[in-house]
S.K.: 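I have a structure here, written as C-alpha cells, and I will follow up with some questions on it.
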There are 2 protein chains.
Amino acid sequence: MNNSKVKPTASELEILNILWSKGPSTVREIHEVLELNKDAGYTTTLKLMQIMNEKSLVKRDETSKSHVYSANVSKELMQGQMVKGMIDTMFNGSASQLVMQALGNHKADAKELDEIRKYLDLMDKKK
Amino acid sequence: MNNSKVKPTASELEILNILWSKGPSTVREIHEVLELNKDAGYTTTLKLMQIMNEKSLVKRDETSKSHVYSANVSKELMQGQMVKGMIDTMFNGSASQLVMQALGNHKADAKELDEIRKYLDLMDKKK
DNA sequence: TTTGTCTTACGAAATAATTCGTAGGAAGGA
DNA sequence: TCCTTCCTACGAATTATTTCGTAAGACAAA
C-alpha cells in the first residue's frame, strides 16, 4: 500500500502511457506496441513490467496464464507530479513561468487558447 | 560544435541551475552551493563538471589555475526542450493540456493569472 | 627549501537502469 | 503421448550515472 512519490523511469513511463490509453493489457500486448517504435526483446518488456509491479506502479491479475497488467497510478496524478517537479527544478517554483514557456514555444491554436482563457476565468470565479 | 539535443541528467541540471543564477563559477564555488542541500565530495562535483564540459553543456576558461565554468546552453533553451519533452510524452502533444494541469494544481495567484491573460492576448494579436 | 593547501586529471568502484539468455511449466494439436 | 509454442521467473550481462581515492603540479607561507 505504499505508493507515494514513485518516480517512473523513462522506459516505465512509456509502458504506463500504453496502459493508460489501452487499459489493462498483457505483456504481449504492451510489447507489440513498444515494438512499433523501438526494438527490444520480449523478456525485456516482461522484466520491466515485473519491476513496475514490485514498485506498485502497476498491478496485475494473475488469474489467467498470461497475467493482465493495469496502471496503478492515474495519469493525472503522474502528470501533476511531473509538472510539479519541473516547476520546482526549472521554473523557480512559478507555475505561470512554465505556462508562458509552454505557450511561447508551442503555439496552441486559437481554440486551445480559448479553452485556456475559459479556464483562467473559471479560476478567478472560484476565489 | 555539436550541441543539439543533449539531455542533462538530474545532477547536471542542478549544476546548470547554479551556473544560470550565479554566472561563471569555479568548481569550488559550485560545490559550496551544492553542499547546502546534499553531501557529496569535492571531486564528485569536479568530475561532473568535467563530464559536462565534454558534453558541451558548459564551457570553461582555463586561464587561471582554478578553471572558471559557465553554462553553454541557455536556461530558456533547456526549459523549452524539457517542456517539449513533457508535452510529447505526457500530454499527447497538447501544450494547453499541460498548461491547464499546471494551473490546476499550483494555484498561481491573481497577479500571475493576469500576466498569463496578457500573454494570451498578446499571442492573439500576433496572428 | 620544505611543508601544507588547493587544484586538476584519471581511473575505478558503487549504484541504477536496461537488456537478454535460459530454464521450467502450461496448453493445444498432431 | 510428444512436440511446438507461449508464458513467467530469475539471474546475470551491459550500459549509464554517480561517487570517490589517489597522484601530480602550482603556489604561498614558514
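The structure displayed is predicted, hence computed values, not measured ones. Quick note: numbers below take in every heavy atom, side chains included, and nothing from hydrogens, waters or symmetry partners.
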S.K.: Can you see if the side chain of R60(B) gets near the phosphate of dT7(C) - specifically, an N or O under 4.0 Å from OP1 or OP2?
M.R.: no
S.K.: What I want to check is whether an N or O donor and acceptor connect the side chain of K65(B) with the base of dC6(C) at under 3.5 Å.
M.R.: yes
S.K.: Rounded to whole angstroms, how far apart are NE2 on H67(B) and P on dG25(D)?
M.R.: 15 Å
S.K.: Whole-Å distance between dA13(C) C1' and K47(B) NZ?
M.R.: 12 Å
S.K.: Between R117(B) and D121(B), does any side-chain N to carboxylate O distance fall below 4.0 Å?
M.R.: no
S.K.: Reckon Q50(A) has a side-chain N or O less than 4.0 Å from the OP1 or OP2 of dC10(D)?
M.R.: no
S.K.: Are the side chain of T44(B) and the backbone N or O of A40(B) linked by a donor-acceptor pair below 3.5 Å?
M.R.: no
S.K.: Taking the side chain as everything from C-beta on, heavy atoms only, tell me whether H31(A) gets closer than 4.5 Å to T43(A).
M.R.: no
S.K.: Measure the distance from CG on D61(A) to P on dC7(D) and round it to the nearest whole Å.
M.R.: 16 Å
S.K.: How long is the line joining CD of E62(A) and C1' of dA26(C), in whole Å?
M.R.: 15 Å
S.K.: Using whole Å, what does the distance between atom C1' of nucleotide dT8(C) and atom OH of Y69(B) come to?
M.R.: 8 Å
S.K.: Would you say I116(A) and L103(A) make side-chain contact, with heavy atoms under 4.5 Å?
M.R.: yes
S.K.: With side chains defined as the heavy atoms from C-beta onward, is the minimum distance between S66(B) and R28(B) less than 4.5 Å?
M.R.: no
S.K.: Do the non-hydrogen side-chain atoms of V83(B) and M86(A) ever get within less than 4.5 Å of each other?
M.R.: yes
S.K.: With a 4.0 Å heavy-atom cut-off, tell me which residues in residues 9-44 of chain A come close to DNA chain D, sorted by residue number.
M.R.: R28(A), Y42(A), T43(A)
S.K.: Tell me: CD1 of I51(B) to C1' of dA12(C), nearest whole Å?
M.R.: 13 Å
S.K.: Expressed in angstrom and rounded to an integer, what is the separation of L46(B) atom CG from dA9(C) atom P?
M.R.: 7 Å
S.K.: Please report, rounded to the nearest Å, how far the C1' atom of dG11(C) is from the CG atom of L48(B).
M.R.: 16 Å
S.K.: Inspect the contact between K7(B) and E12(B) and indicate whether a charged nitrogen and a carboxylate oxygen are less than 4.0 angstrom apart.
M.R.: no
S.K.: Taking the side chain of S66(A) as its heavy atoms from C-beta onward, which of dC20(D), dA9(C), dC7(D) lies nearest to it?
M.R.: dC7(D)
